[in-house]
Amino acid sequence: MSYKKRSIQIIDYLKEHKTASVEQLAHILYVSEATIRRDLTEMQKLGQIERSHGGAILSENSDELSIFIRQTKNAKEKMKAVSIALKNIPDFQTVFIDNSSTCLALVERMNFSRKTVVTNGLQVAMRISKYDGVTLILPGGEIRGHTTAVMGGMTVSALSDFRFDLALLSCSAVDTQGCYELSLDSMLIKRTAIEKSKKSILIFDRTKANEHSPFLTTSLDSYDMLITDAEDGELEQLRAVHPKVLNE
């Protein structure tokens with residue numbers, strides 16, 4: 001079992017039991033205590049858990065990692081996926097862009113002059129605001145400081161009133177069943193944006209391929225394109241269920 005799958009199971013266990021010892025987690029996941037200690041150290045760095053004496057407790061910020069942390073993780077892979085996406089994005093006038101670190105890397109290399117952009121990402125909005133002639137809209141909602149994003153039911157409701165030519169989105173994981181998010185809030189926002197868009201593009205780096213997270217956003221056929229830096233061998237399963245998975 002990979003670290004990513006173990007970390008998801010650890011979070012699920014902590015959500016139910018509030019706390020866990022290294023010995024308990026090792027027994028549940030059928031790995032050594034040394035492996036669990038390494039996992040907990042990494043998860044603590046990412047803000048997912050807090051260490052307790054001999055174990056861990058769930059961090060208040062576990063559902064969404066800080067965008068500043070996410071920017072540094074798999075940065076090389078994200079930039080390669082973004083480079084592929086830039087060659088394949090269709091013309092648009094109105095676009096929704098999510099608060100992912102992948103889309104943040106994307107907007108730094110796009111020109112949005114004379115476009116209308118709606119985003120729930122504060123860092124994304126700051127990058128786009130530098131362009132002349134852009135109409136930039138942040139939907140209402142609760143600002144989650146650790147994610148620098150506008151989230152919650154008010155955000156979902158506000159997005160329901162928009163219609164977009166295009167939605168540019170990333171995810172926490174993707175497999176043949178669809179794409180996933182770590183939090184219910186993110187799932188609902190992205191699902192709404194897809195429903196209100198004429199076209200939707202999913203951009204993800206290779207570390208997210210053939211993985212899953214707690215909340216299923218939508219099936220893959222909701223997207224017009226899947227764009228990734230993953231190699232052909234890593235995409236066989238996804239290409240079996242979606243006709244347009246691009247990696248070059």
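All residue numbers in this chain count up from 1 along the given sequence.
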[X] side chain near [Y] side chain, heavy-atom distance below 4.5 Å:
| X | Y | result |
| --- | --- | --- |
| Val174 | Leu202 | yes |
| Phe96 | Leu159 | yes |
| Thr119 | Asp98 | no |
| Ile201 | Leu169 | no |
| Thr228 | Ile84 | no |
| Asn88 | Ile227 | yes |
| Asp39 | Val31 | no |
| Lys76 | Lys80 | no |

Set out, in order, the CA-CA distance, both residues' side-chain angles and the distance that settles side-chain contact (heavy atoms from CB on, under 4.5 Å) for Glu181 and Cys171, then state yes or no. CA-CA 6 Å; Glu181 292 300 322; Cys171 61; 3.6 Å; yes
Same apolar cluster (I L V M F W Y, side chains within < 4.5 Å links), [X]/[Y]:
| X | Y | value |
| --- | --- | --- |
| Ile8 | Val22 | no |
| Tyr131 | Leu86 | yes |
| Met187 | Leu216 | no |
| Leu122 | Met154 | no |
| Val95 | Met126 | no |

Counting N and O atoms only, with roles assigned by atom type, does the side chain of [X] sit under 3.5 Å from a partner on the main chain of [Y], one being a donor and the other an acceptor?
| X | Y | value |
| --- | --- | --- |
| His242 | Leu238 | no |
| Thr155 | Gly140 | yes |
| Ser172 | Tyr180 | yes |
| Asn247 | Ala230 | yes |
| Glu211 | Lys208 | no |
| Ser186 | Ser183 | no |

Closest approach of [X] and [Y], non-hydrogen atoms and distance?
| X | Y | answer |
| --- | --- | --- |
| Glu33 | Ala26 | CG-CB, 3.8 Å |
| Arg206 | Asp229 | N-OD1, 2.7 Å |
| Thr19 | Ala56 | OG1-O, 3.2 Å |
| Met1 | Arg6 | O-NH1, 2.7 Å |
| Asn99 | Val124 | CA-CG2, 4.5 Å |
| Tyr223 | Cys179 | OH-SG, 3.0 Å |

Take a 6.0 Å sphere around [atom1] of [X] and say whether it holds more than 12 heavy atoms from other residues, nucleotides or ligands.
| X | atom1 | answer |
| --- | --- | --- |
| Glu23 | CD | no |
| Lys199 | NZ | no |
| Arg114 | CZ | no |
| Glu234 | CD | yes |

Should Gln177 and His212 be marked as a side-chain contact (heavy atoms from CB on, under 4.5 Å) after you check the CA-CA gap, both sets of side-chain angles, and the distance that decides it? CA-CA 9 Å; Gln177 301 302 307; His212 69 275; over 6 Å; no
Hey, which of Leu168, Ile97, Val82 is the one that makes side chain to side chain contact (heavy atoms under 4.5 Å, CB included) with Val107? Ile97
From the options Val117, Ile137, Leu166, Asp165, select the one residue that forms a side chain to side chain contact (heavy atoms under 4.5 Å, CB included) with Thr94. Asp165
Do [X] and [Y] sit within salt-bridge range, that is, some charged N less than 4.0 Å from a carboxylate O?
| X | Y | value |
| --- | --- | --- |
| Asp232 | Arg239 | yes |
| Arg38 | Glu42 | no |
| Arg127 | Glu108 | yes |

Taking the inter-plane angle between the rings of Phe92 and Phe112 on a 0 to 90° scale, is it parallel (under 30°), tilted (30 to 60°) or perpendicular (over 60°)? tilted
Once you measure the plane-to-plane angle for Tyr30 and His27, does it fall in the parallel (<30°), tilted (30-60°) or perpendicular (>60°) bin? tilted
Between [X] and [Y], does any side-chain donor sit less than 3.5 Å from a side-chain acceptor?
| X | Y | result |
| --- | --- | --- |
| Ser101 | Lys78 | yes |
| Ser197 | Ser200 | no |
| Thr35 | Ser32 | yes |

I would like to know whether Thr102 and Phe204 meet side-chain contact (heavy atoms from CB on, under 4.5 Å); could you show each step before the answer? CA-CA 7 Å; Thr102 298; Phe204 59 97; over 6 Å; no
Kindly indicate, with the supporting measurements, whether the criterion side chain to side chain donor-acceptor pair (under 3.5 Å) is fulfilled by Ser222 and Arg191. CA-CA 9 Å; Ser222 297; Arg191 181 180 291 178; over 6 Å; no
